[in-house]
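Only one structure is covered here, and it is reproduced in the block below.
When a ligand or atom number is given, it counts from 1 through the structure's own listing order.
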Amino acid sequence: MSPLLSVEDLRVRFRTMGPLKALASGVKNPFVDAVCGVSFEIRKGETLGLVGESGSGKSTIARTIMGLRPPTGGTIRFDGQVLNGLAPTERKPHLRRMAMMFQDPVGSLSPRLTVRSLLMEPFRIHGVTGRDPAAEAERLLNMVGLPADFGRRYPHQLSGGQARRVGVARALALQPDLIIADEPTAGLDVSVQGEVLNLLGRLQGELGIAILIITHNLNVVRHMTDRMAIMYLGRFIEVGSTERIFTQPRHPYTEALLSANPEPDPDAVLDRVELSGEVPSLMTRPAGCEFHTRCRCAQGICKSVFPSRAADREDPRHVFNCHFPLSERALAGATNVS
Ligand code: ATP
Ligand code: SF4
Ligand code: MG
């Protein structure tokens, strides 16, 4: 099956200060590479989880896919069409089929608009006419389990969970094929988290929408996603089926992340691995494997040679970048792919 979304070698560089300030403060390289050569695919109806520590570049990937900032390099294809480089008018029909739930549910809703206006905004932006706003808003509110009279409320009158539901309703307005959900459970009580996730899961099952879920919550990834990608300093260091990664992680960083999960998976066979030390700065990336400063398995070569990508022979879609991947048995089955 051809992928719905295909991202190849995506790179995003930010300027950290203006040229004059950089000159005055003697900073030679006033840029950070927030996303460094990321590639992945999402198939129709598939759910991909994206995890990694704060600042690893997850939201930047999401915003770049949605066209909210230009990539520095690489290719973003949606349903076979290359999106980057398209003029806004050419891009618009494709963006109509993609929707984003932003990381900050209340802050991402314009405070001066009622919920009904917010729900109608995607129709206005994409020039979809001939709909009865009241009926449409009611339909969408109903889909996410909110009463019709919520249409008259303003964002500040919503709880975090209600704002999330409005975010889901807005994302569903134009019946997208792909939803990008950036931290869909952040800041919510556990019970409300469950409600929002059940809602997303139900809608995905009923509507066959593909979802990219960005989250710090590994239990969400475990229960909601088919495949997962682990990011470190702007790179994907391991990608594979969620089931396989939770039970047979190959990268020591993945192992540490999973074992630090407060509610570990009962089926997983991981010992607890402490992830010590700070995440290195994007301004001063370590040489070689960028995880070597925190890795319990690091050896001499890790400090100078960047590990190429390897694929597991049993499951070629399970790939990782490590000179000394976990599990000797699987090590014998690993083959270099780049
Ligand atoms: P979190 O889990 O905290 O949401 P994240 O993985 O989503 O983190 P991003 O928001 O994508 O991380 O940020 C990645 C890096 O890019 C960070 O170091 C961040 O400071 C930097 N960054 C993001 N946006 C900009 C910007 N507009 N200008 C400069 N740097 C930026
Ligand atoms: Fe650790 Fe070396 Fe693998 Fe990097 S390449 S994760 S430092 S063992
Ligand atoms: Mg983020």
Side-chain angles (χ1 to χ4, degrees), residues 10-18 21-22 27 29-36 38 49-66 68-72 100-105 107-108 180-187 212-218 220-221 229-238 249-258 273 275-310 319-328 330-331 334 336:
L10 183 68
R11 279 167 279 128
V12 182
R13 170 172 284 191
F14 289 115
R15 179 177 267 287
T16 53
M17 60 183 80
K21 189 171 175 201
V27 175
N29 180 17
F31 298 97
V32 288
D33 290 311
V35 179
C36 316
V38 159
L50 183 49
V51 298
E53 285 161 295
S54 194
S56 55
K58 306 179 296 294
S59 296
T60 303
I61 290 181
R63 297 175 66 81
T64 309
I65 293 170
M66 291 303 295
L68 299 173
R69 64 153 303 109
T72 313
M100 175 135 174
M101 291 170 56
F102 288 92
Q103 194 161 355
D104 171 9
S108 61
I180 299 181
D182 195 352
E183 297 285 359
T185 58
L212 172 61
I213 297 188
I214 296 170
T215 182
H216 286 271
N217 187 331
L218 290 166
V220 170
V221 175
I230 296 96
M231 272 194 99
Y232 193 74
L233 294 184
R235 301 182 202 276
F236 279 11
I237 52 90
E238 182 158 12
R250 306 300 308 279
H251 197 287
Y253 175 61
T254 309
E255 176 197 47
L257 267 192
L258 298 185
V273 180
L275 188 53
S276 58
E278 293 288 306
V279 185
S281 158
L282 292 181
M283 310 276 277
T284 51
R285 290 171 174 276
C289 171
E290 292 169 341
F291 184 56
H292 83 253
T293 54
R294 304 165 80 195
C295 181
R296 72 181 180 99
C297 309
Q299 299 189 32
I301 188 177
C302 304
K303 294 182 184 158
S304 55
V305 180
F306 186 83
S308 58
R309 177 152 284 195
V319 293
F320 43 86
N321 289 71
C322 176
H323 292 303
F324 306 103
L326 301 167
S327 157
E328 288 304 318
L331 184 63
N336 275 339

Item to check | His216, any N or O under 3.5 Å of ligand 1 N or O | outcome: yes
Next on the checklist: Would Gly55 count as being in polar contact with ligand 1, using the rule that some N or O on each side must be under 3.5 angstrom apart?
Outcome noted: yes
Next on the checklist: Regarding ligand 1, does Gly57 bring an N or O atom to under 3.5 Å of one of the ligand's N or O atoms?
Outcome noted: yes
Checklist entry - Near Ser59, which atoms of ligand 1 are under 4.0 Å from a heavy atom of that residue? => result 4 (O), 5 (P), 7 (O), 10 (O), 11 (O)
Next on the checklist: Looking at Glu238 and Arg250, is any side-chain nitrogen of the basic one under 4.0 Å from a carboxylate oxygen of the acidic one?
Outcome noted: no
Item to check | Lys58/Glu53 ion pair, N-O < 4.0 Å | outcome: no
Checklist entry - Which ligand 1 atoms, with their elements, are less than 4.0 angstrom from a heavy-atom of Ser56? => result 6 (O), 12 (O)
Checklist entry - By residue and atom, what protein N/O/S atoms are less than 2.8 Å from atom 1 (Fe) of ligand 2? => result Cys295 SG
Checklist outcome for this item: In short, Leu257 meets Leu218 closest at the heavy-atom pair O-CD1, 3.3 Å
Item to check | Sub-3.5 Å N/O-N/O distance, Lys58 and ligand 1 | outcome: yes
Checklist entry - Considering residues at least two apart in sequence or located in another chain, which fulfil the ring-ring contact (aromatic ring centres under 6.0 Å, His included) criterion with Phe291? => result Tyr232, His251, Tyr253
Next on the checklist: So, applying side-chain contact (heavy atoms from CB on, under 4.5 Å) with Phe14, which one of Asp33, Thr72, Val32 is it?
Outcome noted: Val32
Next on the checklist: Give the atom numbers and elements of ligand 1 that come within less than 4.0 Å of a heavy atom of Ala34.
Outcome noted: 15 (C), 16 (O)
Next on the checklist: For the 3.5 Å polar cut-off, considering only N or O atoms, please tell me whether Arg15 and ligand 1 meet it.
Outcome noted: no
Item to check | Worked check of side chain to side chain contact (heavy atoms under 4.5 Å, CB included) between Ile237 and Met231 | outcome: CA-CA 6 Å; Ile237 52 90; Met231 272 194 99; over 6 Å; no
Next on the checklist: Test of understanding: given a 4.0 Å heavy-atom threshold, classify the contact between Gln103 and ligand 1 as side chain, backbone, both, or neither.
Outcome noted: side chain
Next on the checklist: Could you check whether Glu255 pairs with Arg296 (Lys NZ or Arg NE/NH1/NH2 to Asp/Glu carboxylate O, under 4.0 Å)?
Outcome noted: yes
Checklist entry - Should you measure from each heavy atom of Thr60, which atoms of ligand 1 turn up under 4.0 Å away? => result 9 (P), 11 (O), 13 (O), 14 (C)
Next on the checklist: Looking only at side-chain N and O atoms, does His216 offer a donor or acceptor that is under 3.5 Å from a partner on Glu183?
Outcome noted: yes
Checklist outcome for this item: For Leu282, the ligand 1 atoms with a heavy-atom partner under 4.0 Å come out as 15 (C), 18 (O)
